[in-house]
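What follows is a set of notes on a single structure, which appears directly below.
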2 protein chains.
Amino acid sequence: MLTAAGFHVLLALASGRGHGYAVMRFVEEISGGAVKLRPGTLYRTINRLVADGLVEESDAGDPAAPHDARRRYYQLTPQGERAAREEAELMTRLVTAAREAGLIT
Amino acid sequence: MLTAAGFHVLLALASGRGHGYAVMRFVEEISGGAVKLRPGTLYRTINRLVADGLVEESDAGDPAAPHDARRRYYQLTPQGERAAREEAELMTRLVTAAREAGLIT
DNA sequence: TCTGGTTATATCCGGCGTGGATATAACTAT
DNA sequence: ATAGTTATATCCACGCCGGATATAACCAGA
């Protein structure tokens with residue numbers, strides 16, 4: 001199973017957030033500020049995902065965005081997409097169970 | 001945020017799995033065998049949840065079940081139920097995002 | 001132009017949580 | 001009786017995370 005941080009990063013990349021800092025903001029956004037991926041966790045997680053073949057660096061960023069030399073862009077590999085999908089499916093089952101248990105509506 | 005194991009335990013208890021070993025089977029069931037809560041993680045997690053006030057031991061188990069002296073029964077505290085609900089709501093948002101990203105249907 | 005705030009990446013340390021193994025013992029069925 | 005399953009508990013090594021610190025590029029406004 002992926003770590004929570006690992007899934008957050010994959011999901012952010014699948015949602016079109018191409019570089020590290022954008023991933024950080026995505027996670028904060030989607031959780032309503034409850035979850036924060038700090039630099040230490042963020043960049044280490046990205047490096048691990050690259051080492052595991054789930055993510056790869058892509059030389060070109062969004063061509064519409066203004067150039068920023070600091071940014072490093074990433075994208076999912078097919079394996080990363082598969083892993084993210086499996087994790088999302090597991091999560092769907094957990095949400096269904098939470099609904100059946102009356103925790104959420 | 002809860003750890004993955006912590007949420008699994010709370011969800012299992014909310015789903016009427018009263019004792020430790022039943023929690024273990026619940027997690028294995030719901031994940032289709034992909035996730036296994038091993039003894040080391042399971043009982044340490046339960047103890048931590050008790051220490052944090054999210055779970056409490058309940059002296060009586062299911063009266064319909066045959067008595068088994070080894071079993072220790074647990075239930076959610078109001079605080080535990082709140083924590084589980086918040087985590088489930090966060091997870092719902094993640095699943096929605098995964099759907100919007102085309103990861104799942 | 002220079003200055004402050006934000007964006008962006010990177011690394012270190014201490015500590016917490018996990019996986020896997022091992023142990024023990026009570027149940028159950030044959 | 002005895003073998004297999006159910007059930008709880010604890011240990012060690014390792015991996016991951018939070019928080020802090022560092023560095024530097026970008027941008028807006030004075």
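First the proteins, then the strands, lettered A, B, ... as listed; each starts at 1.
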Proximity to the side chain of [X] - top-ranked nucleotide from [options]:
X	options	answer
A:Arg48	D:dA7, D:dA9, D:dC16	D:dC16
A:Arg25	D:dC17, C:dA8, D:dA9	C:dA8
A:Arg72	D:dT8, C:dA10, D:dA7	C:dA10

Can you build the contact string for nucleotides 25-30 of chain C? Use B for base contact, S for sugar-phosphate-only contact, and - for no protein heavy atom under 4.0 Å. BBS---

Residue-phosphate contact under 4.0 Å: [X] side-chain N/O, [N] OP1/OP2:
X	N	result
A:Thr3	D:dC17	yes
A:Tyr43	C:dA10	no
A:Thr41	D:dG18	yes
B:Arg38	C:dG20	yes

Do any N or O atoms of the protein come closer than 3.5 Å to N or O atoms of nucleotides 22-24 of chain C, and which pairs are they?
none

Residues two or more places apart in sequence or in another chain: which of them pass side-chain contact (heavy atoms from CB on, under 4.5 Å) with B:Asp52?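 Listed in chain order: B:Arg48, B:Leu54.
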
What integer distance in Å separates [X]:[atom1] from [N]:[atom2]?
X	N	atom1	atom2	value
A:Tyr74	C:dA10	OH	P	5 Å
B:Leu37	D:dA9	CG	P	14 Å
A:Met1	C:dG17	CE	C1'	12 Å
A:His19	C:dT9	NE2	C1'	11 Å

Taking the side chain as everything from C-beta on, heavy atoms only, tell me whether B:Glu28 gets closer than 4.5 Å to B:Phe26.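 No, side chains not in contact.
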
Under 3.5 Å, is there any donor-acceptor pair linking the side chain of A:Arg44 to the base of D:dG18?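 Pair found.
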
For the residue pair A:Arg93 and B:Ser31, what are the closest heavy atoms and their distance?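 Shortest heavy-atom separation between A:Arg93 and B:Ser31 comes out as NH2-O, 3.6 Å.
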
Test item: A:Thr45 side-chain N/O and A:Thr41 main-chain N/O as donor-acceptor pair under 3.5 Å: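 Present.
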
Mind checking ring-ring contact (aromatic ring centres under 6.0 Å, His included) for A:His8 and listing every partner two or more places apart, or none if nothing turns up?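 Here no residue qualifies.
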
Please classify the nucleic acid contact of B:Gly20 as base, sugar-phosphate, or nothing, using heavy-atom distances under 4.0 Å.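 Since only primed, P, OP1 and OP2 atoms lie under 4.0 Å of B:Gly20, the category is sugar-phosphate.
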
Sugar-phosphate only, base, or nothing, as touched by A:Ala4 at under 4.0 Å among non-hydrogen atoms: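 Result for A:Ala4 = nothing.
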
Under 3.5 Å, sequence neighbours excluded: what are the donor-acceptor pairs made by side chains of residues 9-23 of chain A?
{"from": "A:Ser15", "atom 1": "OG", "to": "A:Leu11", "atom 2": "O", "distance (Å)": "2.8"}
{"from": "A:Arg17", "atom 1": "NH1", "to": "A:Ser15", "atom 2": "O", "distance (Å)": "3.1"}
{"from": "A:His19", "atom 1": "NE2", "to": "A:Arg71", "atom 2": "NE", "distance (Å)": "3.3"}

Filtered N/O pairs between nucleotides 2-4 of chain C and protein, under 3.5 Å:
none

